[in-house]
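To start, the structure under review is shown below, and the notes come after it.
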Amino acid sequence: MKTAILGLGIIGSAWAKNLIADGLDVSCWNRTAKEFPGSVSTPAEAVDGADSILVVVSDPEAVQCVVSAILPVLRNGQTVIQSSTISPSWSRDFAHQIETTGAKFLEAPFTGSKPAAEDRKTVFYLGGTPEVVAETTPLLARLSSTIMHVGPLGSASSLKLAMNLNLAGISQALAESLTLARAEGIPDDVFFDALRVNAGRSGFSDMKETKLRERDYSAQFSVKHMGKDLRLALETASNAQVILPQTKQLYDEVYARGLETGLGDQDFTGLIQLLEDKRSD
């Protein structure tokens with residue numbers, strides 16, 4: 001079975017390395033050329049002869065560029081697994097474009113940053129028919145610890161946006177509470193010891209504790225990508241006539257400011273610098 005991976009960012013490159021390590025025939029493409037096993041120069045070349053095509057790029061516009069490039073060469077028997085975080089409306093649109101060629105489409109956004117991708121602990125949310133889910137599960141199981149079939153097309157993208165909205169809120173609350181404690185002279189050891197026996201402790205605070213202590217803001221999931229996801233969540237909420245006041249304020253006052261001050265490529269926990277440096281004033 002041949003697999004194509006379109007997008008060799010933090011996640012795509014980790015997935016490709018794992019599939020290659022498993023002995024699969026993997027063809028890769030990235031918009032910015034990289035020295036990488038199996039790399040080819042165009043998306044169309046990558047999908048030639050591929051049974052499964054994993055798309056993992058930055059945003060809906062990037063997905064559209066990839067889809068437009070591969071539409072002329074897609075055929076019956078191929079399945080496009082779209083794993084970029086996009087909105088449900090975009091997902092249904094891409095499915096329509098792909099399915100007109102005779103190929104199949106699966107909506108497969110995921111949760112889990114760089115360490116999870118490297119350790120095959122990605123969590124996939126799937127939107128599509130049970131038949132396509134069953135056909136793609138053996139491949140996705142090589143990359144993941146959990147696979148959830150959420151429902152029809154659009155449902156997985158909606159759930160993914162809801163999950164990221166939740167993470168962004170938790171991250172901001174953690175940053176503000178840690179900043180307050182530090183300003184009052186409370187050592188990080190005491191803060192995190194207290195958090196571990198507090199109801200506010202979370203898997204997120206456990207995962208990000210070392211980065212926050214060491215002020216290591218190298219990207220596991222960047223500000224620019226989380227900001228994009230919040231924007232898509234707000235657009236989706238608007239279409240559903242739902243109001244998300246805290247998310248709107250977070251996007252307008254924190255993420256927009258973080259992007260303006262050059263934090264876009266840092267891990268989204270790096271937004272704590274806006275509080276420490278008073279760059280949000």
Side-chain angles (χ1 to χ4, degrees), residues 1-58 62-63 65-67 69-86 91 94-95 98-99 101-150 156 160 220-221:
M1 182 175 67
K2 180 179 178 181
T3 302
I5 295 185
L6 307 181
L8 291 173
I10 291 173
I11 303 301
S13 58
W15 289 352
K17 288 175 182 177
N18 283 332
L19 294 180
I20 291 169
D22 287 348
L24 272 64
D25 181 6
V26 180
S27 180
C28 304
W29 171 85
N30 196 61
R31 180 168 50 184
T32 303
K34 289 187 175 182
E35 290 291 332
F36 200 90
S39 288
V40 296
S41 58
T42 68
E45 186 180 354
V47 305
D48 183 30
D51 301 284
S52 299
I53 301 156
L54 275 160
V55 179
V56 54
V57 292
S58 58
V63 177
C65 288
V66 170
V67 168
I70 65 176
L71 281 176
V73 297
L74 288 178
R75 55 172 175 76
N76 289 328
Q78 294 182 299
T79 302
V80 175
I81 303 170
Q82 202 303 107
S83 289
S84 317
T85 301
I86 58 176
S91 189
F94 293 133
I98 295 297
E99 290 168 351
T101 70
K104 300 174 184 177
F105 182 90
L106 179 70
E107 173 186 46
F110 61 92
T111 188
S113 55
K114 181 180 179 180
E118 292 175 337
D119 294 340
R120 302 176 190 252
K121 293 182 179 179
T122 297
V123 174
F124 282 106
Y125 306 132
L126 306 186
T129 66
E131 292 77 17
V132 176
V133 169
E135 290 171 6
T136 55
T137 292
L139 175 64
L140 297 179
R142 294 176 178 272
L143 305 172
S144 63
S145 61
T146 303
I147 297 173
M148 297 177 60
H149 184 193
V150 181
K160 168 60 176 175
Q220 293 177 331
F221 187 58

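- Heavy-atom minimum distance, R120 versus N18: NH2-O, 3.2 Å.
- The distance from atom CG of L143 to atom CG of D119, rounded to the nearest 0.5 Å, is 12.5 Å.
- When all heavy atoms of T122 and A117 are compared, the pair lying nearest together is OG1-CA, 3.7 Å.
- Nearest approach of A46 to L6, heavy atoms of both residues: CB-CD2, 3.7 Å.
- Closest non-hydrogen pair, G9 versus N30, comes out as N-OD1, 4.1 Å.
- Put simply, the side chain of Q82 does not reach to within 4.5 Å of the side chain of S91, judged on heavy atoms.
- Inter-residue side-chain proximity for V26 and W15 is flagged as unmet; no heavy-atom pair is nearer than 4.5 Å.
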Could you give me the CA-CA distance, side-chain angles and deciding distance for D48 and V40, then say whether side chain to side chain contact (heavy atoms under 4.5 Å, CB included) is met?
-> CA-CA 11 Å; D48 183 30; V40 296; over 6 Å; no

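- Between the side chain of H149 and the main chain of G128, a donor-acceptor pair closer than 3.5 Å is present.
- Atom CZ of R31 sits in a sparse spot, with 12 or fewer heavy atoms from other residues, nucleotides or ligands closer than 6.0 Å.
- To the nearest 0.5 angstrom, T129 atom OG1 is 12.0 Å from F105 atom CZ.
- Between atom CD1 of residue I53 and atom NZ of residue K2 there is a gap of 9.5 Å, rounded to the nearest 0.5 Å.
- Taking each heavy atom of A62 and S58 in turn, the nearest pair found is CB-OG, 3.7 Å.
- In this structure, I98 and V67 have side chains that are in contact, with non-hydrogen atoms separated by less than 4.5 Å.
- Looking only at side-chain heavy atoms (C-beta outward), L139 and D51 stay at 4.5 Å or farther from each other.
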From CA spacing to verdict: side chain to side chain contact (heavy atoms under 4.5 Å, CB included), V66, S84 | CA-CA 11 Å; V66 170; S84 317; over 6 Å; no

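- Residues L54 and S83 are in side-chain contact: their nearest non-hydrogen atoms beyond the backbone lie under 4.5 Å apart.
- Scanning all heavy atoms of the two residues, the minimum distance from V56 to G12 falls at CG1-CA, 3.7 Å.
- Annotation: K114, atom NZ; neighbour count of heavy atoms from other residues, nucleotides and ligands within 6.0 Å does not exceed 12.
- Residues S39 and L8 form a side-chain contact, since some pair of their non-hydrogen atoms from C-beta on lies under 4.5 Å apart.
- For the atom pair OG of S113 and CD1 of I11, the computed distance is 6.5 Å after rounding to the nearest 0.5 Å.
- Contact of the I10 side chain with the Q220 side chain is not registered, since no non-hydrogen atoms from C-beta on lie closer than 4.5 Å.
- Put simply, OG1 on T3 and CD1 on I81 are 7.5 Å apart, with the number rounded to the nearest 0.5 Å.
- With hydrogens and angles disregarded, a donor-acceptor distance shorter than 3.5 Å links the side chain of T136 to the backbone of V132.
- The number of heavy atoms from other shown groups lying within 6.0 Å of NZ (K34) is above 12.
- Within the 4.5 Å cutoff, the side chain of V47 has no heavy atoms near those of the W29 side chain.
- Both tests hold for K160 against F110: distance to the six-membered ring centre under 6.0 Å, angle to the ring axis within 45°.
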Could you walk me through whether K104 and E135 pass the salt bridge (Lys or Arg N to Asp or Glu O under 4.0 Å) check?
-> CA-CA 10 Å; K104 300 174 184 177; E135 290 171 6; 2.9 Å; yes

